[in-house]
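Fair warning: this is a prediction, and the values are worked out from it, not measured in the lab. Proteins get letters first, then strands, A, B, ... in listed order; numbering begins at 1 in each.
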Number of protein chains: 2
Amino acid sequence: MPDSHSGESLLFLTDEQLRQGIEAVFFAYQGFTADPDRILATMAYGRAHHRAIHFINRAPGTTVTNLLAILGVTKQSLNRVLRTLIEDGLVESRVGASDRRERNLYLTEAGLALENRLSDAQRTRMRAAYRDAGPEAVAGFRRVLEAMMDPEMRRRYASLRESSQ
Amino acid sequence: MPDSHSGESLLFLTDEQLRQGIEAVFFAYQGFTADPDRILATMAYGRAHHRAIHFINRAPGTTVTNLLAILGVTKQSLNRVLRTLIEDGLVESRVGASDRRERNLYLTEAGLALENRLSDAQRTRMRAAYRDAGPEAVAGFRRVLEAMMDPEMRRRYASLRESSQ
DNA sequence: TTGGAGTGTCAACAAAGCTGACGTATTGTG
DNA sequence: CACAATACGTCAGCTTTGTTGACACTCCAA
């Protein structure tokens with residue numbers, strides 16, 4: 001069993017197989033972002049706004065610094081996005097309770113409404129893909145994705161999972 | 001068995017599970033592009049150059065129109081990238097043999113060298129992820145990715161797979 | 001010969017990333 | 001208390017990569 005397994009793995013990991021995996025990720029990611037992008041295009045928003053909204057919804061009260069680390073962008077880049085979201089009344093920024101230097105970020109009613117529209121669209125596609133592929137495939141999908149992450153991002157991903165049970 | 005299976009599926013497709021899948025794709029894609037990005041940053045190139053080089057290598061002699069469809073960008077956007085690659089001697093553009101309006105694109109020696117550097121970096125990460133997750137997980141990974149694609153992209157993906165045996 | 005497809009290019013613009021610098025609260029520490 | 005460090009916001013300027021719109025050229029096919 002260990003022998004046959006390692007043989008199977010060697011056979012599997014040809015450059016051609018890896019290339020196909022790389023292309024699959026590329027094409028799948030196009031589909032992944034297509035539906036929210038279509039919604040965002042009708043407003044003055046882009047993918048960056050979507051990402052901010054998503055993670056604020058996911059971890060309400062999160063700080064700017066934390067969001068920066070998750071998104072992996074600079075303070076200036078995030079701030080530009082955040083400013084428009086606050087101006088438009090989708091995000092609320094409250095001064096921190098324990099540490100008044102921090103800003104805790106929350107979605108407003110309108111922010112929640114947009115978040116739902118966007119993630120509904122994205123979830124619909126994921127749901128269909130999961131259903132087509134079957135539960136075992138989904139488990140494998142998740143395992144490979146996790147293995148592809150940078151260790152730091154894997155930690156952040158894991159802590160997000162914990163925080164929502 | 002059919003009952004327990006459908007029960008399992010229903011349990012599986014909670015919004016929370018889908019949300020985690022969405023976040024996993026986001027974080028994994030960061031890792032996916034990180035290694036080539038680091039190499040490209042040392043030159044005057046970006047992700048767009050990488051994508052062009054990848055697919056020209058994959059389908060040598062491909063036309064501009066075909067490349068446009070695969071990459072999903074505008075002619076002008078691709079042309080800007082292509083021009084610098086041709087000027088820098090990484091890509092060669094030959095007038096089509098049967099239809100002289102078309103341009104057939106090929107990588108030069110230097111282009112092949114860069115392609116190898118970039119895809120080596122990317123394959124190394126994929127190889128490690130595949131190894132960590134195991135062959136069954138990889139099969140599931142591929143199945144879900146394919147199901148996530150837009151139908152048109154799925155066709156293009158399939159035809160790329162055929163063309164390389 | 002004429003319409004349309006494939007290609008290249010100009011101009012102008014937008015989204016979203018970056019660096020560097022600076023200012024202002026606020027907090028923690030010596 | 002004084003001062004360094006942290007968290008945040010912002011100004012300015014730049015880059016990459018995408019977008020429209022317009023126009024010209026080549027070439028194929030009807």
Side-chain angles (χ1 to χ4, degrees), chain A residues 26 29-30 33-34 36-56 61-88 91-106, chain B residues 26 29-30 33-34 36-56 61-88 91-106:
Chain A
F26 172 71
Y29 199 78
Q30 285 192 356
T33 56
D37 279 358
R38 261 187 291 273
I39 296 172
L40 292 158
T42 69
M43 312 179 223
Y45 296 136
R47 248 178 239 182
H49 300 85
H50 182 193
R51 290 197 282 259
I53 287 174
H54 175 98
F55 285 107
I56 293 172
T62 187
T63 63
V64 173
T65 304
N66 184 43
L67 205 50
L68 283 177
I70 285 178
L71 298 176
V73 298
T74 59
K75 184 177 51 163
Q76 293 89 329
S77 195
L78 174 60
N79 197 255
R80 178 171 36 200
V81 166
L82 227 40
R83 200 186 331 173
T84 69
L85 290 174
I86 291 170
E87 280 170 5
D88 296 353
V91 167
E92 195 189 347
S93 167
R94 297 185 206 151
V95 171
S98 56
D99 186 337
R100 294 167 49 82
R101 288 170 305 182
E102 295 181 344
R103 298 292 180 272
N104 297 117
L105 302 170
Y106 300 89
Chain B
F26 171 71
Y29 199 78
Q30 286 192 356
T33 56
D37 279 359
R38 261 188 291 274
I39 296 172
L40 292 158
T42 68
M43 313 177 221
Y45 296 136
R47 251 179 236 181
H49 300 84
H50 182 191
R51 290 198 282 257
I53 288 174
H54 176 97
F55 285 108
I56 293 173
T62 188
T63 64
V64 173
T65 302
N66 184 43
L67 206 50
L68 283 177
I70 285 178
L71 298 175
V73 298
T74 58
K75 184 176 54 165
Q76 294 88 332
S77 195
L78 174 60
N79 197 256
R80 178 171 35 202
V81 165
L82 228 39
R83 200 185 332 169
T84 69
L85 291 175
I86 292 170
E87 279 169 7
D88 296 353
V91 168
E92 195 190 347
S93 166
R94 297 186 206 151
V95 172
S98 56
D99 185 337
R100 294 165 50 80
R101 287 170 304 179
E102 295 181 345
R103 298 293 180 274
N104 297 116
L105 303 169
Y106 300 88

Contact nearer the 5' end of DNA chain D, comparing A/Leu68 with B/Met43: A/Leu68
Whole Å only: how far is the [atom1] atom of [X] from the [atom2] atom of [N]?
{"X": "A/Asp37", "N": "C/dA14", "atom1": "CG", "atom2": "C1'", "answer": "15 Å"}
{"X": "B/Tyr45", "N": "D/dT15", "atom1": "OH", "atom2": "P", "answer": "17 Å"}
{"X": "B/His50", "N": "D/dT16", "atom1": "NE2", "atom2": "P", "answer": "17 Å"}
{"X": "A/Asn79", "N": "D/dT10", "atom1": "CG", "atom2": "P", "answer": "5 Å"}
{"X": "B/Arg80", "N": "C/dA12", "atom1": "CZ", "atom2": "P", "answer": "15 Å"}
{"X": "B/Leu78", "N": "D/dT16", "atom1": "CG", "atom2": "P", "answer": "17 Å"}

A/Phe26: partners by ring-ring contact (aromatic ring centres under 6.0 Å, His included), with sequence neighbours left out: B/Phe55
By side-chain contact (heavy atoms from CB on, under 4.5 Å) - contacts of A/Ile86 (at least two apart):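 Checked A/Ile86 against side-chain contact (heavy atoms from CB on, under 4.5 Å); matches are A/Val91, A/Ser93.
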Residue list, side-chain contact (heavy atoms from CB on, under 4.5 Å) with B/Arg94, at least two apart or on another chain: B/Glu92, B/Tyr106
Exam field: side chain B/Arg100 to backbone B/Ser98, donor-acceptor pair closer than 3.5 Å: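 Side chain of B/Arg100 to backbone of B/Ser98: no pair is present.
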Sugar-phosphate, base or nothing in reach of A/Arg47, heavy atoms under 4.0 Å: sugar-phosphate
Sugar-phosphate, base or nothing in reach of A/Arg83, heavy atoms under 4.0 Å: sugar-phosphate
Per-nucleotide protein contact string for nucleotides 20-30 of chain D, where B marks a base within reach and S marks sugar-phosphate only (heavy atoms under 4.0 Å, - for neither): BBB---BBS--
Distance test, side-chain N/O of A/His49 to OP1/OP2 of C/dA16, below 4.0 Å: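 For C/dA16, OP1/OP2 do have a side-chain N/O of A/His49 under 4.0 Å.
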Return all side-chain donor-acceptor pairs below 3.5 angstrom for residues 36-52 of chain A, not counting sequence neighbours, or 'none' if the list is empty.
residue	atom	partner	partner atom	Å
A/Asp37	OD1	A/Arg47	NE	3.3
A/Asp37	OD2	A/Arg47	NE	3.1
A/Asp37	OD2	A/Arg47	NH2	2.8
A/Arg38	NH2	A/Asp35	OD1	2.7
A/Thr42	OG1	A/Ile39	O	2.6
A/Tyr45	OH	A/Asp88	OD2	2.3
A/Arg47	NH2	A/Thr33	OG1	3.2
A/His49	ND1	A/Gly46	N	3.0
A/His49	NE2	A/Thr84	OG1	3.3

Residue pairs fulfilling salt bridge (charged side-chain N to carboxylate O under 4.0 Å, His left out) with at least one residue in residues 63-83 of chain B, sequence neighbours excluded: none
Proximity to the side chain of A/Ser77 - top-ranked nucleotide from C/dG8, C/dA16, D/dT19: C/dA16
